Amino acid sequence: MAYDDSNIFAKILRGEIPSDTVYEDNWALAFKDISPRAPVHVLVIPKGAYENMEAFTRDASDAEIAGFFRAITKVAELTEVTTGGYRLIANNGADGNQEVPHLHYHVLGGRNLGSMLKRFDD
C-alpha cells in the first residue's frame with residue numbers, strides 16, 4: 001500500500017495544520033494529543049513517510065530508526081514521566097485500531113494508567 005500524504009500527520013509535518021510541539025529534531029516531531037487520555041499524552045511521529053511499523057522497519061535507514069526511538073525517550077524525559085513511569089502505545093493496522101496511517105507512538109503518563117488490557121478470557 002502506498003503512503004497517503006493527505007493524512008493529518010503528513011499535513012502537520014508540512015506545516016499545513018498547527019500542532020502544540022513538545023519536541024522536534026531531524027528524525028521526529030512530537031506534539032500534544034488534541035484528545036488526551038492521560039495528564040501527559042504526546043504523539044511522536046517520524047518525519048519520513050511511513051504508514052506503519054512494517055514500512056518503517058523495512059524502509060527507514062538505521063539512523064532514522066535510532067533517531068526516532070531516541071526522540072521518544074527524549075519526550076518522556078522532557079514531560080517528566082520517567083520518574084513515575086509511562087506507557088508507549090503504537091496502534092498498527094485495522095485490528096490494532098490505528099486511526100492515522102502514519103506511524104506514531106503515544107507517550108502517556110502523569111498518573112497510574114491501570115492495567116494495559118482486560119484479559120482476553122474475561
Side-chain angles (χ1 to χ4, degrees):
M1 177 181 281
Y3 179 79
D4 175 10
D5 67 357
S6 68
N7 76 71
I8 191 168
F9 292 166
K11 291 177 181 181
I12 288 171
L13 284 168
R14 289 192 301 268
E16 296 170 9
I17 296 174
S19 65
D20 190 353
T21 301
V22 172
Y23 178 77
E24 183 173 9
D25 64 16
N26 292 335
W27 312 112
L29 175 65
F31 50 92
K32 292 181 181 178
D33 193 293
I34 62 170
S35 182
R37 305 293 175 98
V40 172
H41 188 168
V42 177
L43 300 173
V44 185
I45 63 175
K47 287 194 169 177
Y50 304 108
E51 179 178 350
N52 55 33
M53 185 60 83
E54 290 80 13
F56 185 63
T57 57
R58 181 187 62 236
D59 301 333
S61 69
D62 290 346
E64 286 176 291
I65 293 168
F68 177 66
F69 283 102
R70 285 187 180 113
I72 291 171
T73 299
K74 184 69 173 176
V75 167
E77 292 169 347
L78 288 172
T79 58
E80 300 180 348
V81 295
T82 54
T83 302
Y86 58 98
R87 181 170 293 157
L88 299 176
I89 297 175
N91 299 324
N92 201 68
D95 285 348
N97 205 32
Q98 183 177 0
E99 294 178 4
V100 178
H102 185 108
L103 176 65
H104 59 285
Y105 272 75
H106 299 255
V107 178
L108 299 119
R111 68 170 168 82
N112 185 306
L113 299 172
S115 63
M116 188 169 69
L117 296 171
K118 289 180 67 175
R119 289 176 46 98
F120 179 70
D121 57 356
D122 282 350

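This is a predicted model, so every value here is computed, not measured.
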- Is Tyr50 linked to Ile8 within one hydrophobic cluster, defined over Ile, Leu, Val, Met, Phe, Trp and Tyr using a side-chain heavy-atom separation of less than 4.5 Å? no
- Task: Quick one: pull up CZ in Phe56 and CD1 in Ile45 and give me the separation to the nearest 0.5 Å.
- Result: 11.5 Å
- Message: Walk me through whether Val42 and Tyr23 qualify under side chain to side chain contact (heavy atoms under 4.5 Å, CB included).
- Response: CA-CA 10 Å; Val42 177; Tyr23 178 77; over 6 Å; no
- When rounded to the nearest 0.5 angstrom, what distance separates CG in Leu78 from OG1 in Thr73? 11.0 Å
- Note on the structure: All heavy atoms of Phe68 vs all of Leu103, minimum pair found to be CE2-CD2, 4.2 Å
- Looking at Thr79 and Ala76, what are the two nearest heavy atoms and their distance? OG1-O, 3.3 Å
- Is there a donor-acceptor contact under 3.5 Å from the side chain of Asn92 to the main chain of Met53? yes
- Message: To the closest 0.5 Å, what do you measure between CD1 (Ile89) and NE2 (His104)?
- Response: 10.0 Å
- Task: Give the minimum heavy-atom separation between Tyr3 and Pro101, together with the two atoms involved.
- Result: CE1-O, 3.6 Å
- Closest approach of Val75 to Ala30 (non-hydrogen atoms, all atoms of both residues): CG2-CB, 3.4 Å
- No-hydrogen, no-angle side-chain donor-acceptor test under 3.5 Å, Ser35 and Asp33: no
- Item | CA sep, side-chain torsions, deciding dist, call: Asn7, Glu51, side chain to side chain contact (heavy atoms under 4.5 Å, CB included) | CA-CA 10 Å; Asn7 76 71; Glu51 179 178 350; over 6 Å; no
- Shortest non-hydrogen contact from Ala38 to Leu113? CB-CD2, 3.9 Å
- Task: Could you tell me which non-hydrogen atom of Gly67 sits nearest to which non-hydrogen atom of Trp27, and how far apart they are?
- Result: CA-CD1, 3.4 Å
- Taking C-beta and beyond as the side chain, do His102 and Pro46 meet within less than 4.5 Å on heavy atoms? yes
- Query: With no hydrogens and no angle check, is any side-chain donor or acceptor of Lys47 less than 3.5 Å from a backbone partner on Asp25?
  - Reply: yes
- Item | Whether over 12 other heavy atoms sit under 6.0 Å from Arg70 CZ | no
- Would you check, one step at a time, whether the test side chain to side chain contact (heavy atoms under 4.5 Å, CB included) holds for Leu88 with Val107? CA-CA 5 Å; Leu88 299 176; Val107 178; 3.7 Å; yes
- Query: Are side-chain heavy atoms of His106 and Arg87 found at a separation under 4.5 Å?
  - Reply: no
- Shared ILVMFWY cluster between Tyr105 and Val100, side chains joined below 4.5 angstrom? no
- Message: More than 12 heavy atoms of other residues, nucleotides or ligands under 6.0 Å from CD of Glu16: yes or no?
- Response: yes
- Task: Might you work through the side chain to side chain contact (heavy atoms under 4.5 Å, CB included) test for Arg37 and Leu108, ending with a clear yes or no?
- Result: CA-CA 8 Å; Arg37 305 293 175 98; Leu108 299 119; 4.1 Å; yes
- Message: Can you confirm whether Glu77 is buried at CD, in the sense that more than 12 heavy atoms of other residues, nucleotides or ligands lie under 6.0 Å from that atom?
- Response: yes
- Task: Using a 4.5 Å cut-off on heavy atoms from C-beta on, say whether the side chain of Glu80 contacts that of Val40.
- Result: no
- Item | Residue of the set Ile17, Leu43, Leu29 for which side-chain contact (heavy atoms from CB on, under 4.5 Å) holds with Phe9 | Leu43
